[in-house]
There are 2 protein chains.
Amino acid sequence: MVKAKGFHHGDLKRALLGAALELLDEQGDAGVGIRAVARKAGVSHAAPVNHFKDRRALLTGLAIKLFDDIQTNISKRLESVSNDPAMRIESVVKSFFEYGAEHPNRYALLWRNDVVDHECDEMRIREDAVYDFICNEINNLTAGRNIDTDTVAIGLWSMMHGYIDLKIVGMFEEREDSVTGEDRPEALIKMFRTIFDQYGL
Amino acid sequence: MVKAKGFHHGDLKRALLGAALELLDEQGDAGVGIRAVARKAGVSHAAPVNHFKDRRALLTGLAIKLFDDIQTNISKRLESVSNDPAMRIESVVKSFFEYGAEHPNRYALLWRNDVVDHECDEMRIREDAVYDFICNEINNLTAGRNIDTDTVAIGLWSMMHGYIDLKIVGMFEEREDSVTGEDRPEALIKMFRTIFDQYGL
DNA sequence: CAATGATATTGACACTGTCCATATATAAAT
DNA sequence: ATTTATATATGGACAGTGTCAATATCATTG
């Protein structure tokens, strides 16, 4: 939709990512095609190749942007959280829960191995940033004790991601109604806190 | 590859699913196109429409078959497991872990909301079968106590699925080496057992 | 044997990603 | 300033895709 005057666009790369995001929200990643994005940005079908050599590159670029948005969300939320490591971890988990619920198509794209290149540096850096943050806080918890940080981190991350992903798939649709009234994500967080307790954290 | 003599194939539906499975293993779901499958089965590009009206229908049919295979694996493995509910749950989890590791493309397809129809009955029935089994065993554990079965089941399922999925994405690739030597999935199972312990199960 | 319904084929259409040669604009160098 | 070079955008082409419609073939039933 964004367009400038003249032959050259001026800021096409940003415009393409914007159009791609809209299409992603509306139709999922299947709707984010090079031609469709170009159309929405008001340029010819071959224009994007100057900024993204591939459809894969386009979607990878989009995923990187999304990851940055998540990081922003996380940081903003963390500002009003105490220094208690468990609280800070909980805060990050909540950020992801919210993001997955509000933008399912965006969250799903992040983990699509076939259309997003997770090997590239720009992607790895951002994944590491979140992962390392969690590991760091876990380390603050375990300090000194003989507990493998990665095991706890992977367990936490797995449960968090699995819940969001399966919820997007619709796996829990007819099973979440019959609850105790308590919010389910909250219950999951509480459940993981029992792991911490068990480990004596 | 499978083909019979004559104009009519004889058992095309099965042949199509077989060809689709091969393509899935080789190239992921992106390689499972109607035309590609038809080619591999040795029929014309429009032949599959008699058995699967859509590409979506084809992939959904494939997913259903895969789910049945998993169920077979689970049942077979359960035969040599005691009646202890925790053991039986563990056995199911291990079946999924193995399946995801051996056939990543198959496992990933199962949860692809865009190309597989999870609303259809044949799919829901199979998902319910596994989920209900786990709930049932959890109930055997919690018997009488005031514990919400779905919460535990969803937590367990989430961690299991999340771990497999993220491993397929490659999220844990460079982080699983620095382990205690213990197998990571085993560690995750143990971690979840601590939840049971905490709940007094 | 005829007819009906299921199954397979061929051809067409619009769409896609990718490459190519071309055109234009901006920037740098003479 | 004029030329040269580089970055960016265009339009056409090609092979591939999913889906539909018309046609041909087989298998079975009446």
Side-chain angles (χ1 to χ4, degrees), chain A residues 1-20 22-24 26-63 105 109 112-117 120, chain B residues 1-20 22-24 26-63 105 109 112-117 120:
Chain A
M1 290 312 192
V2 186
K3 190 181 177 182
K5 56 192 172 180
F7 186 86
H8 282 56
H9 184 284
D11 198 8
L12 183 54
K13 185 164 186 174
R14 189 179 309 272
L16 289 173
L17 287 176
E22 286 186 38
L23 287 168
L24 177 67
E26 297 166 6
Q27 315 174 27
D29 65 285
V32 187
I34 287 197
R35 290 177 110 103
V37 168
R39 211 159 30 220
K40 193 146 200 161
V43 293
S44 78
H45 68 268
V49 80
N50 296 298
H51 306 278
F52 303 99
K53 76 173 216 288
D54 258 340
R55 185 178 117 95
R56 186 179 179 79
L58 171 65
L59 288 172
T60 301
L62 181 56
N105 291 348
L109 174 68
R112 281 288 303 282
N113 217 1
D114 47 347
V115 289
V116 169
D117 179 21
C120 78
Chain B
M1 289 311 191
V2 186
K3 189 179 176 182
K5 55 193 173 180
F7 187 86
H8 281 53
H9 184 284
D11 198 6
L12 183 54
K13 185 164 186 173
R14 189 178 308 275
L16 289 173
L17 287 176
E22 285 187 40
L23 287 169
L24 178 66
E26 297 166 6
Q27 314 174 29
D29 65 284
V32 186
I34 287 197
R35 290 177 109 105
V37 167
R39 211 158 31 220
K40 194 146 198 160
V43 293
S44 77
H45 68 266
V49 80
N50 297 297
H51 307 276
F52 302 99
K53 78 173 215 291
D54 258 339
R55 184 178 117 95
R56 187 178 178 80
L58 170 64
L59 288 172
T60 301
L62 181 55
N105 292 346
L109 175 68
R112 281 287 303 281
N113 218 3
D114 46 346
V115 289
V116 169
D117 179 22
C120 77

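Each chain gets a letter, A, B and so on, in the order its sequence line appears, and its residues count up from 1.
Rounded to whole Å, the distance from CG on B:D11 to C1' on C:dT7 is 13 Å. Distance NZ (A:K13) to C1' (D:dA7): 14 Å, rounded to an integer number of Å. The distance from atom NZ of B:K40 to atom P of D:dT17 is 13 Å, rounded to the nearest whole Å. Whole-Å rounding puts the B:L16 CG to D:dG18 C1' distance at 15 Å. Between B:R39 atom CZ and D:dG18 atom C1' the separation is 13 Å, expressed in whole Å. Whole-Å rounding puts the B:I34 CD1 to D:dT19 C1' distance at 8 Å. In this entry the distance linking CG of B:D114 with C1' of D:dG18 reads 15 Å, nearest Å. Taking atom CZ of B:R55 as the reference point, atom C1' of D:dT17 lies 9 Å away to the nearest angstrom.
Shortest non-hydrogen contact noted between B:C120 and B:T60 is SG-CG2, 4.0 Å.
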Worked check of side chain to side chain contact (heavy atoms under 4.5 Å, CB included) between A:F52 and A:L17: CA-CA 10 Å; A:F52 303 99; A:L17 287 176; 3.8 Å; yes
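Nearest nucleotide to the A:L12 side chain, out of C:dT18, D:dT10, D:dA9: D:dA9. Picking from D:dT17, C:dG17, C:dT9 the nucleotide with the shortest atom distance to the side chain of B:A36 gives D:dT17. Among the nucleotides D:dA9, C:dT10, D:dT17, the one closest to the side chain of B:S44 is C:dT10. With distances taken from any side-chain atom of A:A47 to the nucleotides C:dC19, C:dT10, D:dA9, the minimum falls on D:dA9.
Heavy atoms of other residues, nucleotides or ligands lying less than 6.0 angstrom from CZ of B:R14 number 12 at most.
When side chains are defined from C-beta on, A:L58 does not count as touching A:P48, because their heavy atoms never get closer than 4.5 Å. Within the 4.5 Å cutoff, side-chain heavy atoms of A:L109 are placed close to those of A:V115.
Base engagement by A:R35 is indicated by at least one non-hydrogen atom pair under 4.0 Å involving a base atom.
The base of C:dG11 sits within donor-acceptor range of the side chain of B:H45, with an N or O pair under 3.5 Å. In this model, no side-chain donor or acceptor of A:N50 finds a partner on the base of D:dA7 within 3.5 Å.
Comparing B:V49 and A:G33 along DNA chain C, the residue whose closest nucleotide (by nearest heavy atom) sits nearer the 5' end is B:V49.
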